[in-house]
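Because only heavy atoms are used, hydrogens play no part in the values below, and waters and symmetry mates are left out as well, while side chains stay in. Just so it is clear, the model here is predicted, and its values are computed rather than measured.
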Amino acid sequence: MTLDGATSTQATPPAGALVADSSDRAFKADVIDASVETPILVDFWAPWCGPCRQLTPALEKVVTEKNGAIRLIKINIDENPSVAGQLGIQSIPAVFAFAGGRPVDAFMGAIPESEVRRFAERVISQAPAAAPQPGSIDEQIANALDAADEALAAKDYPRAAEIYTLVLQHVPDNAKALIGLAQVYLATDDLEQARAVLADVAEEARKGEDYVALNSALKLAAEAEGLSDNSALEAQIAANPDDHQARFDLAVVLNSQGQKVEAAEALLAVMRRDRGWNEDAARKKLLELFEAWGPKDPATLKGRRMLSSLLFS
């Protein structure tokens, strides 16, 4: 990995790169091929169309404010009827969205600017990610993140932290690097730093298996911080096997110590003794643990089998 002082921050593209006229002949290059890299809105219009004159400025404004995340191609159907005919367009204005080399969405008629903006944002969010160009800074970052993920999986936490931090020096809002670095802090019991780093993840990136699992794990860790230690809780349970709260708390503490299966077993023991205790709290907590561990974790798979056996026995 080099990342030798390069930056992925792009200058604002010139207006001509964001909004352009095209033709039937150039449609494949300007729309089909180009949409593999960047989503394209295609505005089918004609000079005599009043609603077109209302819609086009809104399209141009929204595309320009998205600063290169999406582009606009305008096609005058009087001069270029072929593609419009192939798409079955019978009235204008008609706007088709292309991403990944194919049409993905469309709308007909003039709509308010706010709806145009929502349409564009939906297309951008659903567009497939373009493969980074060989040798580009994006490719270097992708390779670096793969290396960091491998180090994290191997529990080489210093190496993983070093690479994630280097990526963030170039792309401070990279969600994958932020989540990875927060995972390192969680694994090394630096919960305060883990929470601080995770808080930097942009709102729109707060989704996906890794983010959800990490967020759940941090919440569970916070619960464990205020509880008694194992020996005290085990003593309470030994004195009163029906002390469900103590057994419930023990599960939270065990999970914070990495004893996942033991945590699941403690919650299942509560359910065996009183399935409806505290409004089904044990089962709900067990599902939280599965979410924090992730669906592929061996403890999740084993815990789900044990839960199924209990529920359907």
Do the side chains of E279 and K284 get close enough for a salt bridge, i.e. N-O under 4.0 angstrom?
no
Taking R275 for its side chain and R283 for its backbone only, find out whether a donor-acceptor pair lies under 3.5 Å.
no
Give a yes or no answer on whether the side chain of T38 reaches the backbone of I70 with a donor-acceptor pair at less than 3.5 Å.
no
Ignoring hydrogens, what is the shortest heavy-atom contact between L214 and L198? Give both atom names and the distance.
CD2-CD1, 3.6 Å
Is the shortest heavy-atom distance from the side chain of L287 to the side chain of F290 under 4.5 Å?
yes
With side chains defined as the heavy atoms from C-beta onward, is the minimum distance between V104 and Q126 less than 4.5 Å?
no
What I'd like to find out is whether the side chain of L181 reaches to under 4.5 Å of the side chain of V167, using heavy atoms alone.
no
Which heavy atom in V270 sits nearest to a heavy atom in F248, and how many Å separate them?
CG2-N, 4.2 Å
Do the side chains of Q245 and W277 get nearer than 4.5 Å, heavy atoms only?
yes
I'd like to know if the side chain of S125 reaches the main chain of R122, judged simply by a donor and an acceptor atom lying under 3.5 Å from each other, with no hydrogens or angles considered.
yes
Are L72 and L18 packed together at the side-chain level, in the sense that at least one heavy-atom pair is separated by less than 4.5 angstrom?
no
Looking at E162 and R159, does any basic side-chain N land under 4.0 Å from a carboxylate oxygen?
yes
Would you call K219 and E291 a salt bridge, taking side-chain N to carboxylate O under 4.0 Å as the test?
no
Name the one of V42, I73, N80 that satisfies side chain to side chain contact (heavy atoms under 4.5 Å, CB included) with F27?
V42
Heavy atoms only: give me the nearest A110-P93 pair and the separation to one decimal.
N-CG, 3.7 Å
Could you tell me whether a side-chain N or O of T300 sits under 3.5 Å from a main-chain N or O of G294, the two making a donor and an acceptor?
yes
For the pair R117 and E65, find out whether any cationic side-chain nitrogen is under 4.0 Å from an anionic carboxylate oxygen.
yes
Check for a donor-acceptor pair, side chain of D243 on one end and backbone N or O of A246 on the other, with a separation under 3.5 Å.
yes
For F44 against I92, the heavy-atom pair lying closest together
O-CG2, 3.6 Å
Kindly indicate whether the side chain of M271, heavy atoms from C-beta on, has any atom under 4.5 Å from the side chain of L267.
no
Does D24 use its side chain to pair, donor to acceptor, with the backbone of S82 at less than 3.5 Å?
yes
Spell out, as yes or no, whether a donor-acceptor pair under 3.5 Å connects the side chain of R71 to the backbone of V31.
no
L41 side chain near L59 side chain, heavy-atom distance below 4.5 Å
yes
Are Q236 and N240 close enough, and set up right, to give a side chain to side chain donor-acceptor pair (under 3.5 Å), and what steps lead you there?
CA-CA 6 Å; Q236 287 179 244; N240 178 12; over 6 Å; no
Taking ring-ring contact (aromatic ring centres under 6.0 Å, His included) as the test, write out the residues that go with Y157, two or more places apart.
none
To the nearest 0.5 Å, how far apart are CD in E265 and CG in L286?
11.0 Å
Would E139 and N143 count as having a side-chain donor-acceptor pair, cut-off 3.5 Å?
no
So which atom in L152 and which in G180 form the shortest heavy-atom distance, rounded to 0.1 Å?
CD2-O, 4.3 Å
Pair up each side-chain donor or acceptor in residues 251-261 with any protein partner under 3.5 Å, not counting sequence neighbours, and list the distances.
| unit_1 | atom_1 | unit_2 | atom_2 | d |
| --- | --- | --- | --- | --- |
| N255 | OD1 | W293 | NE1 | 2.7 |
| S256 | OG | V253 | O | 2.6 |
| Q257 | OE1 | N230 | ND2 | 3.0 |
| Q257 | OE1 | Q259 | NE2 | 3.1 |
| Q257 | NE2 | N230 | OD1 | 2.9 |
| K260 | NZ | D297 | OD2 | 2.7 |

Separation between CG (L250) and OG (S231), nearest 0.5 Å, reads 10.0 Å
Do F107 and L55 touch side chain to side chain, with heavy atoms closer than 4.5 Å?
yes
With a 3.5 Å cut-off and sequence neighbours excluded, list the donor-acceptor pairs that the side chains of residues 186-195 form with protein atoms.
| unit_1 | atom_1 | unit_2 | atom_2 | d |
| --- | --- | --- | --- | --- |
| T188 | OG1 | V184 | O | 2.9 |
| T188 | OG1 | Y185 | O | 3.2 |
| D190 | OD1 | Q193 | N | 3.3 |

Can you name the closest pair of heavy atoms from A148 and A160 and give their distance?
O-CB, 3.7 Å
Is a side-chain donor or acceptor of R206 paired with a backbone partner of V201 at a separation under 3.5 angstrom?
yes
